[in-house]
Amino acid sequence: MSKRDFYEVLGVERGANEAEIKKAYRRLAMKYHPDRNPDDKDADDKFKEATAAYEVLSDAQKRQAYDQFGHAGIDPQMGGGGGPGGAGFSDIFGDVFSDFFGGGAAGRSRGGPQRGSDLRYTIEIMLEEAVRGTTVEIRVPTLAECKTCNGSGAKKGTSPSTCNTCQGVGQIRMQQGFFAVQQTCPRCHGSGQTITDPCQTCRGQGRVEDTKTLSVKVPAGVDVGDRIRLSGEGEAGAQGGPAGDLYVVVNVKAHDFFERDGRNLHCEVPISIVDATLGGELEVPTLDGRVKLKIPEGTQTGKLFRLRGKGVTPVRGGGVGDLICRVVVETPVSLNKRQRELLEELRETLKDNAHSPKAKGWFDGMKRFFGDK
């Protein structure tokens, strides 16, 4: 038995209540348990030390004796617990380790049919397909039930037999000194059954690698990250168990014109400085075709125009969104001599800033900032 102070071992104060002691022990036990630290002698020693401390401090009579006389007040023979009124380790095991081992001291059968694993498959579709819906054909690698043995793993004409080691439970109980643990049966690996004459096709596994082709119906309005569940299209279950599900995850390719934000679509529309100044009309793309967009006189960069009903109807319902066009005034480049002359003449006429209200306000603000008159 450890000679370290038991309160120090568990990391609790001397006035700690039962719940605090149990919580502290649980944390240490989960950290240092031999199953999590194979071949680690130091972890094994710490686990045993924490267990000894918990067995004493969790029992009112033992704790009282320990508080009065320290280690000398505890009979070493009581290290195994189980005395009248004491908390035997099998009781501790059933309470503290129930979720660590998947069951209490009595254990739970791991044999019998087991559900197959769920699978994930990512598809990439165009924005138009996401908005309108589509059907995509996919090929999915998976584990399928062996047709030769119908998933039993045994050679045709034979059947698995009950494991003699665990008697079909799938787990065995082992006594290690003053405590007992449960672990997966090493012979049947938790299935509760053994196969003496395995199927040659699947080598006793009951499942074989396969690839299946599926048609996935993608509903209109899906967005990036949405999942489509195909029930029963995952991996085949073990020992006749049900198949898992297949989750198809949607990814949408970047579009040349549009960006999606929920139910709305966004796009940038470049316009010339002349159209921005004088106004005009131009064509803009939508998912339903081209539409005319009227540009008012004096339009500035960043101006937003909303085309109602040209967005997306979300897959989860709700009204259709809008297409929001952001105007970007484009500066002309590669000018010829005459064009430059015209712009120079225009600049001379605009020097008073009367036609540039934002610029005038900005320059006036700068003068005030620097205290200019």
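Note that the numbering runs from 1 along the sequence shown for the chain.
Side chains of Lys22 and Asn17 form no contact here, defined as non-hydrogen atoms less than 4.5 Å apart. With a 4.5 Å cut-off on side-chain heavy atoms, Leu287 and Arg132 count as touching. Considering only heavy atoms from C-beta on, Asp288 comes within 4.5 Å of Lys310 through its side chain. Taking the side chain as every heavy atom from C-beta outward, Thr142 and Thr211 never approach each other to under 4.5 Å.
Here the NZ atom belonging to Lys212 is positioned 9.0 Å from the CD1 atom belonging to Ile138, to the nearest 0.5 angstrom. Expressed to the nearest 0.5 Å, how far OG1 of Thr286 lies from CG of Asp322 amounts to 12.5 Å. Here CG of Asp59 is found 10.5 Å from CD of Gln64. Values are rounded to the nearest 0.5 Å. Interatomic distance, Leu246 CG to Arg229 CZ, rounded to the nearest 0.5 Å: 11.0 Å. Once rounded to the nearest 0.5 Å, the distance linking CG of Asp118 with CG of Leu230 reads 11.0 Å.
Remark: the backbone N or O of Ala154 is not paired with any side-chain donor or acceptor of Thr158 at under 3.5 angstrom. Judged purely by atom type and a 3.5 angstrom limit, Asp44 has no side-chain atom pairing as donor or acceptor with the backbone of Asp40. Under the 3.5 Å distance criterion, the side-chain polar atoms of Gln167 are matched with a main-chain donor or acceptor of Asn164. Asp197 places no side-chain N or O within donor-acceptor distance of the main-chain N or O of Lys155, the cut-off being under 3.5 Å. Side chain of Thr194 to backbone of Cys188: no donor-acceptor contact under 3.5 angstrom is found. At least one donor-acceptor pair under 3.5 Å links the side chain of Asp226 to the backbone N or O of Asp223. Between the Arg260 side chain and the Gly262 main chain, a donor and an acceptor come within less than 3.5 Å of each other. Between the side chain of Lys303 and the main chain of Val328, no donor-acceptor pair closer than 3.5 Å is present.
Summarising the local packing, NZ of Lys217 is surrounded by 12 or fewer heavy atoms from other residues, nucleotides or ligands at distances under 6.0 Å. Other residues, nucleotides and ligands contribute over 12 non-hydrogen atoms within 6.0 Å of the CG atom of Leu278. Within 6.0 Å of the CD atom in Gln200, the count of heavy atoms belonging to other residues, nucleotides or ligands does not exceed 12. The environment of CD in Gln339 is crowded: more than 12 heavy-atom neighbours from other residues, nucleotides or ligands sit within 6.0 Å.
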- Message: Would Tyr7 and Arg63 count as a side chain to side chain donor-acceptor pair (under 3.5 Å) here? Give the steps.
- Response: CA-CA 10 Å; Tyr7 292 99; Arg63 182 177 181 179; 2.9 Å; yes

- Item | Worked verdict on Val216 versus Thr135 for side chain to side chain contact (heavy atoms under 4.5 Å, CB included) | CA-CA 6 Å; Val216 182; Thr135 299; over 6 Å; no

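Here Glu8 pairs with Arg4 under the salt bridge (charged side-chain N to carboxylate O under 4.0 Å, His left out) rule; sequence neighbours left out.
A salt bridge links Arg338 with Glu341: at least one charged nitrogen is closer than 4.0 Å to a carboxylate oxygen. A salt bridge does not link Lys294 to Glu281: none of the charged nitrogens lies less than 4.0 Å from a carboxylate oxygen. Here Glu344 pairs with Arg347 in a salt bridge; the nearest charged N to carboxylate O distance falls below 4.0 Å.
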Please report, to 0.1 Å, the donor-acceptor pairs under 3.5 Å made by any side chain of residues 201-210, with sequence neighbours excluded.
from	atom 1	to	atom 2	distance (Å)
Thr201	OG1	Thr148	OG1	2.9
Arg207	NH1	Ala236	O	2.7

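Taking the six-membered ring where tryptophan is involved, the planes of Tyr66 and Phe6 are essentially parallel, since the angle between them stays under 30° and well short of 60°.
Less than 6.0 angstrom separates the ring centroid of Tyr25 from the ring centroid of Tyr54.
Between the side chains of Arg139 and Thr213, at least one donor N or O sits under 3.5 Å from an acceptor N or O.
Met126 and Leu323 fall into different hydrophobic clusters, where Ile, Leu, Val, Met, Phe, Trp and Tyr residues are linked whenever their side-chain heavy atoms come under 4.5 Å apart, directly or through other members. In the hydrophobic cluster analysis, where Ile, Leu, Val, Met, Phe, Trp and Tyr join through side-chain heavy atoms closer than 4.5 angstrom, Val291 is grouped apart from Val320.
Grouped by direct or indirect side-chain proximity (heavy atoms under 4.5 Å, Ile/Leu/Val/Met/Phe/Trp/Tyr only), Tyr247 sits alone.
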